[in-house]
Protein chains: 2
Amino acid sequence: MTPRKSVETELSRERIMDTARSLFVKEGYQSVSMRKIAKELDYTHGAIYYHFENKAELFYALVKEDFSLLDGVLEKILRQDFGEREKLRKILLGFIEFGLTHPNHYEIMFLTRDEDVQSHLKKGPDQSYELFAHAIYELCGRKVNMKTIWSIFLSIHGFAAVYCRSGQTYEDVSDLAESHVSLLLKAIDM
Amino acid sequence: MTPRKSVETELSRERIMDTARSLFVKEGYQSVSMRKIAKELDYTHGAIYYHFENKAELFYALVKEDFSLLDGVLEKILRQDFGEREKLRKILLGFIEFGLTHPNHYEIMFLTRDEDVQSHLKKGPDQSYELFAHAIYELCGRKVNMKTIWSIFLSIHGFAAVYCRSGQTYEDVSDLAESHVSLLLKAIDM
DNA sequence: CAATATTATTAAACAGTGGTCAATTACAGG
DNA sequence: CCTGTAATTGACCACTGTTTAATAATATTG
C-alpha cells in the first residue's frame with residue numbers, strides 16, 4: 001500500500017545491523033529470523049534484502065566487526081607495560097575473557113557451523129589467529145615453534161568454546177581460566 | 001488412502017535411527033529434515049512422529065549411542081597391555097581420533113548448540129567425561145588434581161572441535177595431534 | 001470365527017522459515 | 001513539473017517441524 005517511508009526514517013545497513021546484532025546476541029543465529037529483525041525495525045523482511053544479499057551476509061557483516069573487537073583487545077594488551085611473560089599470560093587470558101564476555105560473538109566467530117555463514121567466514125579467523133600467533137611468538141623470544149603456538153591456541157579455544165556456552169561470566173570461571181593458562185605456560189617453559 | 005503397511009515392512013525405532021544416522025552423519029542436523037528421513041524410508045514424515053516425539057528426541061537417541069561408542073573406544077585402550085604413560089598418550093589420542101573419525105558424531109555430542117537438542121543432552125557428556133577423567137587420574141598415579149584433568153580435556157576438545165570440522169582425516173593430522181598431546185603431557189610432567 | 005479394540009500410517013493442515021519479485025511510492029535532479 | 005531512480009511493500013514460492021482426524025491392518029477378545 002505505502003512503499004517507501006519518509007526519508008528520515010529510512011533504513012540503512014547500520015540500523016539493520018544494530019538491531020540484528022542485539023537479537024543475534026540474545027537468541028543466536030538460528031532462532032533469529034529475517035522477519036523478526038524486520039518486525040523489530042518496523043519494516044517488512046523484504047526491505048532487509050534490499051540492503052543485504054541474505055541472512056548470512058548480514059550475519060557476516062556483524063562477525064567482521066566482532067573480529068576487529070577481538071583484535072583491539074589483543075593489541076591493547078600488547079601495548080601495555082608488562083614483562084613479556086606477563087603479557088603472554090594476559091594475551092591468553094584476554095582471549096578467554098573475550099569469549100566469555102561476548103559469548104554470542106564467540107559463538108558466531110568460532111563455533112557456528114551453518115554452511116552459508118561458514119562460506120563467508122574466511123579471512124576473519126585467520127587474521128585474528130595471525131595476530132595471536134605472532135604475539136605469542138614474539139613474547140616467547142621467538143624460541144617456540146609454530147606447531148606449539150597452534151596447540152596453545154587450540155587449548156585456549158577449547159576452554160572458551162565450552163564456557164562461552166555455559167552461561168557463566170568470566171568472573172565465575174577466572175580462577176579456572178588462570179590455572180588453565182598456567183598449565184599451558186608450563187608446557188612451553190614460560 | 002492406505003494407512004498401515006504390511007507388518008513385515010513396519011517401521012521401527014531401529015529402522016528410523018539407521019536411516020536418520022546415515023543422513024545426519026552425511027549432512028548434519030540442520031539440513032536433514034523429517035521429510036527427508038521419511039522419504040528415504042519410503043514413509044510419510046508423520047509416521048516418524050509416531051515413534052519419536054520430535055526431531056530432537058530422534059537425534060538424541062543417536063547421540064546416546066555415540067557416547068557408548070566413545071566409552072567403548074576409551075575402555076578398550078584401558079584394557080590394553082601398555083605402560084601407564086603410553087596408555088595416557090593413547091587415551092588422549094584416542095579421543096581425538098574418535099572426533100576425527102566420526103566428525104558428525106562429535107559435532108552432535110559436543111558441538112551442537114540447538115536448544116532442543118541441548119536440553120536432552122545431559123548425562124551423556126558428563127558420563128563420558130567421568131570415564132575420561134578417572135582414566136587420566138589413575139594413569140597419572142593419582143598425583144594430578146581435578147582442575148588439571150579438566151584443563152587437559154578442554155585442550156584435547158579444542159583440537160577435536162576444530163579439526164572435526166576441517167574435513168581432514170585423522171591420518172592427515174595425526175602428526176599434529178601427537179605433538180599436541182606431547183605438549184599436554186609435558187605440562188603434567190608425564 | 002466374528003466383533004471389537006488397538007496400532008501404525010496417511011494426508012491435510014498450521015504457523016513459521018529464507019528468499020524473490022513485480023508493483024508502487026518518495027525522493028532527487030534537470 | 002517531469003522523469004528516473006531508490007526504497008519498500010506484499011504476495012508468492014518451496015521448504016521446515018509439528019499436530020491431528022481419518023483410516024486400514026493387525027491383535028485381542030467373546
Side-chain angles (χ1 to χ4, degrees), chain A residues 1-20 23-24 26-63 108 112-120, chain B residues 1-20 23-24 26-63 108 112-120:
Chain A
M1 280 293 182
T2 52
R4 187 132 205 195
K5 306 199 172 179
S6 64
V7 73
E8 309 100 51
T9 61
E10 220 167 55
L11 213 42
S12 66
R13 275 178 82 97
E14 303 283 311
R15 284 227 296 139
I16 295 171
M17 283 170 71
D18 282 356
T19 304
L23 283 174
F24 280 134
K26 252 183 285 174
E27 311 175 25
Y29 182 72
Q30 288 293 346
S31 48
V32 173
S33 66
M34 295 300 256
R35 282 166 175 84
K36 220 183 229 173
I37 299 168
K39 198 170 195 175
E40 191 83 6
L41 287 161
D42 215 27
Y43 276 74
T44 17
H45 66 286
I48 300 181
Y49 285 92
Y50 181 78
H51 298 275
F52 293 91
E53 238 185 71
N54 51 39
K55 191 181 174 184
E57 204 227 312
L58 165 55
F59 196 66
Y60 177 63
L62 300 174
V63 173
I108 290 170
T112 301
R113 188 187 180 27
D114 193 288
E115 298 231 344
D116 310 341
V117 176
Q118 209 70 11
S119 70
H120 280 98
Chain B
M1 278 295 180
T2 50
R4 189 136 205 191
K5 307 198 174 181
S6 65
V7 71
E8 309 99 51
T9 62
E10 219 168 55
L11 214 41
S12 66
R13 277 189 145 242
E14 303 283 309
R15 284 226 297 139
I16 295 171
M17 284 170 71
D18 282 355
T19 303
L23 284 175
F24 279 134
K26 253 183 286 174
E27 310 176 24
Y29 182 72
Q30 289 292 349
S31 48
V32 173
S33 67
M34 295 300 255
R35 284 166 174 84
K36 221 183 229 174
I37 299 169
K39 197 171 196 175
E40 191 84 7
L41 287 160
D42 215 27
Y43 275 72
T44 14
H45 62 287
I48 300 180
Y49 284 90
Y50 182 79
H51 299 274
F52 293 91
E53 239 186 67
N54 51 39
K55 192 182 175 185
E57 204 227 311
L58 164 55
F59 196 65
Y60 177 62
L62 301 174
V63 173
I108 291 171
T112 301
R113 189 188 179 28
D114 193 287
E115 298 232 343
D116 310 341
V117 176
Q118 208 70 11
S119 70
H120 281 97

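These numbers come from the heavy atoms of this one structure, side chains and all, not from hydrogens, waters or symmetry mates. Quick note on labels: first sequence line is chain A, next is B, and so on, each numbered from 1.
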Base-pair string, DNA chain C, Watson-Crick plus G-U, cut-off 3.5 Å on both distances, | for inter-strand, is ||||||||||||||||||||||||||||||

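- Met34(A) places its CE atom 15 Å from the C1' atom of dT8(D), with the value rounded to the nearest Å.
- Glu27(A) and Val32(A) get closest at one heavy-atom pair: CB-CG2, 3.8 Å.
- Within 4.0 Å (heavy atoms only), His51(B) reaches sugar-phosphate atoms of the nucleic acid but no base atom.
- Across dT10(C), dG19(C), dA8(C), the shortest atom-to-atom separation from the side chain of Glu10(B) is found for dA8(C).
- Note on Tyr49(A): a side-chain N or O is less than 4.0 Å away from OP1 or OP2 of dG19(C).
- For Arg4(A) against dA7(D), a side-chain-to-base donor-acceptor contact under 3.5 Å is absent.
- Of all nucleotides listed (dG10(D), dA7(D), dT9(C)), dG10(D) comes nearest to the side chain of Thr44(A).
- Contact annotation: Lys55(B) reaches the phosphate of dG17(D) (side-chain N/O to OP1 or OP2, under 4.0 Å).
- When each of dA13(C), dG18(C), dT9(D) is scored by its nearest atom to the side-chain atoms of Arg35(A), the top-ranked nucleotide is dG18(C).
- Residue Ser33(B) has its side chain nearest to dT16(D) when only dT16(D), dT10(C), dC27(C) are considered.
- One interatomic measurement links the two molecules: CG of Leu11(A) to C1' of dC27(C), which rounds to 16 Å at whole-angstrom precision.
- Across dT9(C), dT9(D), dT18(D), the shortest atom-to-atom separation from the side chain of Lys5(A) is found for dT9(D).
- One atom, CG of Asp42(A), and another, P of dT8(D), lie 12 Å apart when rounded to the nearest Å.
- Donor-acceptor pairing under 3.5 Å, judged by distance alone, is present between the side chain of His45(A) and the base of dG19(C).
- When each of Glu53(A) and Ser31(A) is assigned the nucleotide of DNA chain C with its nearest heavy atom, Ser31(A) is the one assigned upstream, toward the 5' end.
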